[in-house]
Structure formats: C-alpha cells, structure tokens
A.B. asks: 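One structure follows; several queries about it will come next.
Lettering follows sequence order; numbering is per chain, from 1. Fair warning: this is a prediction, and the values are worked out from it, not measured in the lab.
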There are 2 protein chains.
Amino acid sequence: MKLSKTVQRKVIVDELRKLKCHPTADELYEVVRRRLPRISLGTVYRNLDVLSASGEILRLGIGKKQMCFDGDTSRHYHLVCRCCGAVDDIMPGDMGNVEKELDSKLAGRILEASVSFSGYCEKCASRVKRDAQLS
Amino acid sequence: MKLSKTVQRKVIVDELRKLKCHPTADELYEVVRRRLPRISLGTVYRNLDVLSASGEILRLGIGKKQMCFDGDTSRHYHLVCRCCGAVDDIMPGDMGNVEKELDSKLAGRILEASVSFSGYCEKCASRVKRDAQLS
DNA sequence: CATTAATTTAAGAATCATTATCAAAACACA
DNA sequence: TGTGTTTTGATAATGATTCTTAAATTAATG
C-alpha cells in the first residue's frame, strides 16, 4: 500500500513537530482543527497510526489511559509524572553512561529509543519535598 | 475508607502472586474464577485498583492496550517485546551500574521500580536475527 | 452474640478511547 | 484526462474499564 501525500497528513506531522509536549490524539486534533476545521478525529487517529508505523513519529505507551505521540524521533527518554501526568523529556546527555551500560547489558535485544520512567516531574518533586517537610 | 478482608480480595492477591507472568485483569479473572466461580470481572478490576493504590501489587502501564499487573513489588524492570508482546522481567542484577547511574542522574525525582523497556524478548530476538541472516 | 454502620459484592449499564465501515473525495500515474 | 488506488469525513461499532444499585458481607461496638 502506497502512502499518498495529503494535506491532512502533512498538517498533522507539522503541528505535532511544532509542539514541545506529548499530546494525545484528541489534543492534537484540537490543534490541527485550527488549520483544517473540517478534519475528523478518525483521520487524526488513522494518520497517527500510519505515521508511527512508518517511523515518522513516535507512539508513546506510557501507562496513561490515552496514547501520547511525539514528533521528535531522536533517541531520548521520558519521565512520566505520577503526580500530575506531565511527560518530560530526558535527553541522552542527561543519562551519563546509562545508555552504554544498557546496551551492553541487554546486548542482542534491540532497545528502542522511547523508554519511559515513572516518577515525579520537577515541579511536583519540589512540592512533594516541601509537603514532606511540613508534616 | 477502611479495607475489609474479603475472600475475593485474598484470592486475587494470592493467584496474582503465584503467577510468573504479568496478567491483564481478564486473564487474572479467568484464573481466579477457578476458585471463585461466582466472582465478577468488575470485582477483579476494583480490587486490582485498590491493591495497586495501596502498593500491595503493581499496575504496569507498558504501552499495551490493556493494563497488566504484577504481584512482585520488589525493585525490578520489564522488557516488553514489540514482536510478540511478552513481558520479561529484568532483575536489578542484570542491570550493572545502571541503577546507580540513574539514581544520581535523576536525583531529587523519585524513580519508581516499575520501568519498562521496549525491545525484543529472547525468543523473538533470535528469530529476528535468523530472519536477517536469511535475507 | 446482637445491632448497626460501613464496605464490598455481582450483575449489568454506562463511559470513553480507539477502530472499523463505507460512500464520496482526493490522489497517483500513465 | 481517465482510471484504479488511497484517503477522508461521518458515524457506527468495539472493547477495556468504570460506574451504579440493591443485596450480601464485614467491621465495630455494646
């Protein structure tokens, strides 16, 4: 099956790449709708599917109810805040030797770029710490 | 709200701990049903909720359509096979200095025990390798 | 043990994210 | 431009999970 170039597909990729966050399908739908008011939510879902299958974008299954999507396909990680749900990027530079260690320890398996850690985002981490001091 | 001790709750925890795999709610329901034929799926869901909220079990959001659950709450990781969907355990001993590195790199954030890696399980990894040689 | 209040259950309805359906529109390509 | 393929929009269907309710079970208290 050949992939056609459609306006919808192009706008979806374009808007996703512009976003710094990791939107759900319906969040991206709201953004895309500003440029294509007639687009349907199903079209957004369908395109996020084919685009992630072809590797143009990332589909993030990070334990939330909804899938999230990421226009940045470079190797990086995610920290999902279990307090507020925010998804922060963790770039390879933040990881020290961790990547090298992982590669050697899991040699033979293919370790993919989209790995999620569960914890607290910076904002919630500081609030949690503050609350702990109060009690 | 106080947690009552019910037969259903006890059997659910018991059967989950006995399983080496990481079942979905309905998979565990089928197992539990052999001991409690009258139990309902909703009861399984409800108890998996309160049990994971209280930390007695783990709820794994590992990018699959359904949530998975783990009776082993000790610190360990998961490798989700993107070929067959299998969920393998990766124990701390398999991780070398990775944990120490992560702790120092993400200091101040609380890094939780249930972290999932995406890649191939051993079986699928060897088949992928074999297929690659053939082509 | 008996009474009363709180919690939990089973069954089924409801919700909501995602997928599927299908006729019409857009696209690819000769 | 014509023709076969792919995609779209609208909507229905699916399926995992949550909610609802009356009845049953459990906890707390005398």
A.B. asks: Looking at every non-hydrogen atom in both residues, tell me the closest pair between B/V32 and B/V11 and how far apart they are.
C.D. replies: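 Taking every non-hydrogen atom into account, CG1-CG1, 3.9 Å.
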A.B. asks: Kindly point out which of C/dT18, D/dT8, D/dT7 is positioned nearest to the side chain of A/L3?
C.D. replies: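 Taking heavy atoms from C-beta onward, the closest nucleotide is D/dT7.
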A.B. asks: How many Å lie between NZ on A/K65 and P on D/dA16, as a whole number?
C.D. replies: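 Value for this atom pair: 13 Å.
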A.B. asks: Report the nucleotide, chosen from C/dT18, D/dT8, D/dT26, that has the shortest atom-to-atom distance to any side-chain atom of B/S4.
C.D. replies: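 Looking only at side-chain atoms, B/S4 lies closest to D/dT26.
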A.B. asks: Among the candidates C/dC27, D/dA16, C/dT19, find the nucleotide nearest to the side-chain atoms of A/V7.
C.D. replies: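 In terms of side-chain proximity for A/V7, the closest of C/dC27, D/dA16, C/dT19 is C/dC27.
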A.B. asks: Looking only at the side chains, is there a donor atom on one of B/H76 and B/D70 sitting less than 3.5 Å from an acceptor on the other?
C.D. replies: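 There is such a pair between these side chains.
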A.B. asks: State which of C/dA10, D/dA16, D/dT7 makes the closest approach to the side chain of A/R9.
C.D. replies: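 The closest nucleotide is D/dT7.
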A.B. asks: Can a donor-acceptor pair be found between the side chains of B/H78 and B/D88 at a distance below 3.5 Å?
C.D. replies: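 Short answer, no.
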A.B. asks: Atom CG of A/L48 and atom CZ of A/R9: how far apart are they, to the nearest 0.5 Å?
C.D. replies: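 Reported value, rounded in 0.5 Å steps: 11.0 Å.
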A.B. asks: Using OP1 and OP2 only, check whether a side-chain N or O of B/T6 sits under 4.0 Å from C/dT9.
C.D. replies: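 For B/T6, the contact criterion (side-chain N or O under 4.0 Å from OP1 or OP2 of C/dT9) is met.
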A.B. asks: Scan residues 26-51 of chain B against DNA chain D and write down, sorted by residue number, each residue with any heavy atom closer than 4.0 Å; if none is found, say none.
C.D. replies: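 Per residue number, the list reads B/Y45, B/D49.
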A.B. asks: Can you see whether A/E99 engages A/Y77 through a side-chain donor-acceptor pair at a distance of less than 3.5 angstrom?
C.D. replies: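 A/Y77 and A/E99 do have a side-chain donor-acceptor pair below 3.5 Å.
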A.B. asks: For C/dA26, take OP1 and OP2 only and decide whether either is under 4.0 Å from a side-chain N or O of A/Q8.
C.D. replies: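 For A/Q8, the contact criterion (side-chain N or O under 4.0 Å from OP1 or OP2 of C/dA26) is not met.
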A.B. asks: What is the distance from CD1 of B/I62 to P of D/dA16, rounded to the nearest Å?
C.D. replies: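 To the nearest whole Å, that distance equals 15 Å.
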A.B. asks: Identify, between B/K5 and B/M67, the residue whose nearest nucleotide on DNA chain D lies closer to the 5' end.
C.D. replies: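 With B/K5 and B/M67 compared, the 5'-side residue is B/M67.
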A.B. asks: Among the clusters formed by ILVMFWY side chains lying less than 4.5 Å apart, do B/V50 and B/L41 turn up in the same one?
C.D. replies: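 Shared cluster, yes.
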